[in-house]
Every structure is written in structure tokens, then in C-alpha cells.
Amino acid sequence: MVLEKGSAVSQEHGHFDDRRMEAIMGRLLQIGVLSASFVMIAGGLLYMRAHFSETPNYRVFSSEPQRLRHFSGVLEGMKTGDPAAIIQLAVLLLIATPVARVVFALIAFLIEKDKLFVLISLIVLAVLLYGFLRPQ
Amino acid sequence: MTLSLFTGLLFFGSLTAGLLGALTGLGGGVVLVPLLTVFFHVDIRYAIGVSLISVIATSSGAAAAYVREGFSSVRIGMFLEVATTLGAILGAYLATVVHTQALAIIFGLVLIYSASVSWQQRKLAAVEVQGHSRWSDMLELSGTYPGRDGVPCKYEVENIPGGFGLMFVAGTLSGLLGIGSGAVKVLAMDRVMKVPFKVSTTTSNFMIGVTAAASAGIYLHRGLVAPGLAFPVMLGVLAGSLIGARYLVRARTAVLRSVFTLVVLALGVEMIVSGAAKWF
């Protein structure tokens, strides 16, 4: 029974299986990267225009300002059209893409009624959210 | 240097790093961080922050192509992601206590190791699975992949605790150095768990994105993701790796690959030497 899971054989029956799950997840990741890239290009071009005359220096480390480090700060910056905030929004979109993939896998395992992998997906999701929400 | 020149050079540098990463199978981050620190004099912490973001982009960008081939295993990936994400969180915390010079030296060592793995992969043949692993079925990690004549080939995984442990190490390196640690991931699956080569490389690609996402949030919150760097670098690495995956992999690359492996080796030595030199 177990061996048949995820096999190419079950694909022919047309019901929800691992292969279809992976196809949808691949598409999901592509959409995430594509939208992040568009936001990145828009933000980047605006950023270039705004900081045109400056000389970049990343030799010495100085932490980015608070407003560019948190979700709420980035949203705030979006309202004023801050180019750096638009770039950080693209970064947030990128980080969210693999997280969305794990959420999708979790839902798929729920549909398949695979308790073990629902649990495993939940653990991965919890670790991801911990990294994102409790950084200090 | 003006901003437009700096950004333009960064874009093409990152594009090259992405190409190299796709060509050697090592991923963009491994070449990107030394490029930023050695040639652009970017602080290694900024380089690692922006590299993590690029690693997520490459991994997700290549996903659709990998899925089409039908080799990846979502179950093996998810199971091992428990280890890699936990490791990534540990790595991101370690990054705050490890001195930047030590960081450079560790990075150099990983580069040299990765180069050697890439070198060996040229001649290693596929491993045949022997025996029967009970845990493989119990954890539902056994699977099939499309064989040459279209008949699905069955496979099982071995030494699950060993592979899981190595994946934790891979995750830690990823969170500490901002790389995908594809070389360690493939080693864990391919060598230790005896997962078929095609299955381990494609599954590793998916895992790299999830692993990097675990620590990228921490880097962002610490202010280590600089927008001025993220823009050219992320787009450059993504473009480079997509071009590399599409055109260069099919080309006759044996010679190119050897040359680039040497480049990675040289970058590793350079990072160790410059890291150690600053110490005195």
C-alpha cells in the first residue's frame, strides 16, 4: 500500500496524488518568484533614481534602518512610495514563496489523510514561522 | 564609484555567479559571497544576507523545470526539511557570535570541500540499492522514479538517522554562510541514504529554498538585507542560473566545469588567506 504512494502508476487514476501535488507546487513557486522579480525591478529602478548621486559603500557594516526590517515598517514605507521599502517587499515575497509551498503540501497531505506527513509538515511550518516571527 | 556603475557591475557579477552555480551544480551562493567580499569589498555579513535571498530565488525559479522531470520526492524533502530548517535557525544564531574573519575561513573551507564534491561527481556511477529498509516504508519515504524506458523504478532510502543528522549540518551551514549547501545535501541523500542521484539532486533543489527561508527572516530582522544590494544581486543570480540551467547544462561542459571547479577552489583559498591575514 505504502509503496504505491507517489508512484507514477496512481497518476493514471487522476485523483489527487504526490505527482499532481508537486506539479502545482512547482507552478506556485514560479508565480512567487515571478511576482517578486517584478516588484524588485520596479523598486530597484525607483531606488536608482532616488539615490542616483550617492556613492555606495558596503565596506563597513551598519545595520539597515528599523523601518526596513519589519513587515509593518515595509508596509508603512509602501504608503509613501519609499523605493527601499518596495525592494524589501520583494524580499518578503521571496521568503514567503517556499513557506507557501510548505502550507500547500500540508493541505495536500490533509486531503490525502496522511497523518504522519501532516505532522511533519506542521513541524517544518512551525520552524519557518519561528524564524520569521521571533527573531530577537 | 557611482551608484549606477556599482549596480550594473553587481548585476553582471551576480549573473556570472548564477551561471557558475548552475554549471557546477553548487548553486549561486557559493560563488556569490566570495565575489561580493573579494571583488566588491562588501562586508561579509551583508554578502551573506543578500546571498540567502538569491538562494531562495534560484531554488524556486528552477522548481517548475525540476517538477516536469518527475524525479523529486516531496516526502523525502519534507521529512529532511525538519532537520535543515532547525539547523538553519541554529546557523543564523551562530552567525551573531562567530567573528567575521572566522566566518570567512569557514566559508573558504566549505568552498574547497564543495569543489572537491563537484570534481568527484564527474566520474561517480549510480549506487545500486541493496537489502530492505523497514524504516523507509514506515516513514513512507520509498518511492518510484521514471526509468529510461518509461517503467517506474522503485527505490528505498537507507541510514535515515545518518542522513537526517547530515541534513542538520547542511542547514546550519546554510544559515551561517547564506548558501544553499547543495553539496552537503546531495552528499547526505546520495551517499548516506542511497537515494538515486536524480532524485537527490532535484529534491535537494526544493529543500534549499525552504532551508534558506528559515534563516532569511532572521537576517532581514537584523538589518542584514541591504536593498541597494538585493536589487541587482537577486535579479542577476536568478537570471544567471536560469540561463545556465537552460543552455549550459546541455552543452559539452566537461572542460568548462573543470575550469570553474578550479575557480571555486581558488576563491576558497583566497577567503581563508584574507580571513587569516586580518587576524594578525
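We name chains A, B, ... by the order of the sequence lines, and we start the count at 1 in each one.
Only the side chain of A:T97 comes within less than 4.5 Å of a heavy atom of chain B; its backbone N, CA, C and O stay farther away. Looking at B:S73, only its backbone comes within 4.5 Å of chain A, counting heavy atoms on both sides. Of the two parts of A:I123, only the side chain, counted from C-beta on, holds a non-hydrogen atom closer than 4.5 Å to a non-hydrogen atom of chain B. Both the backbone and the side chain of B:L220 come within contact range of chain A, with heavy atoms under 4.5 Å apart.
The line from CG of B:L141 to OH of B:Y155 is 8.5 Å long, rounded to the nearest 0.5 Å.
Side-chain contact between B:F107 and B:L177 is present, with heavy atoms from C-beta onward closer than 4.5 Å.
Considering only heavy-atom pairs separated by less than 4.5 Å from chain A, the leading option among B:G77, B:A212, B:A57, B:S59 is B:A57. With respect to chain A, the highest number of heavy-atom pairs below 4.5 Å among B:I53, B:T211, B:T96 belongs to B:I53. Of the residues considered (A:A126, A:A36, A:G32, A:P98), A:P98 shows the highest number of contacts with chain B, using heavy-atom pairs under 4.5 Å. In terms of heavy-atom pairs under 4.5 Å with chain A, the best-connected choice from B:L238, B:L229, B:T37 is B:L229. With chain A as the partner, the residue from B:V82, B:I89, B:V74, B:V42 showing the most heavy-atom pairs under 4.5 Å is B:V74.
Side-chain contact check for B:S241 and B:T58: no donor-acceptor pair (N or O, by modelled atom type) lies under 3.5 Å.
Salt bridge annotation for A:E76-A:R69: absent, with no cationic side-chain nitrogen under 4.0 angstrom from a carboxylate oxygen.
With hydrogens and angles ignored, the 3.5 Å screen pairs a side-chain donor or acceptor of A:Q88 with a backbone N or O of A:L68. At least one donor-acceptor pair closer than 3.5 Å links the side chain of B:H221 to the backbone N or O of A:F132.
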Considering only distance and modelled atom types, tabulate donor-acceptor pairs under 3.5 Å from the side chains of residues 3-12 of chain B, sequence neighbours left out.
from : atom 1 : to   : atom 2 : distance (Å)
B:T7 : OG1    : B:L3 : O      : 2.7

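Of all residues in residues 39-47 of chain A, those placing a non-hydrogen atom less than 4.5 angstrom from a non-hydrogen atom of chain B are A:M40, A:I41, A:G44, A:L45, A:Y47.
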Margin query: What verdict does the side chain to side chain contact (heavy atoms under 4.5 Å, CB included) test give for B:V225 and B:V50, after you've listed the backbone C-alpha separation in whole Å, the side-chain angles of each residue and the deciding distance to 0.1 Å?
Written below: CA-CA 6 Å; B:V225 181; B:V50 78; 5.5 Å; no

Next item on the list: Begin from the C-alpha positions of B:T203 and B:V195 and carry the test side chain to side chain contact (heavy atoms under 4.5 Å, CB included) through to its verdict.
Entry: CA-CA 10 Å; B:T203 304; B:V195 176; 5.9 Å; no

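A:F117 and A:F109 have tilted rings, their planes meeting at an angle from 30° to 60° on a 0 to 90° scale.
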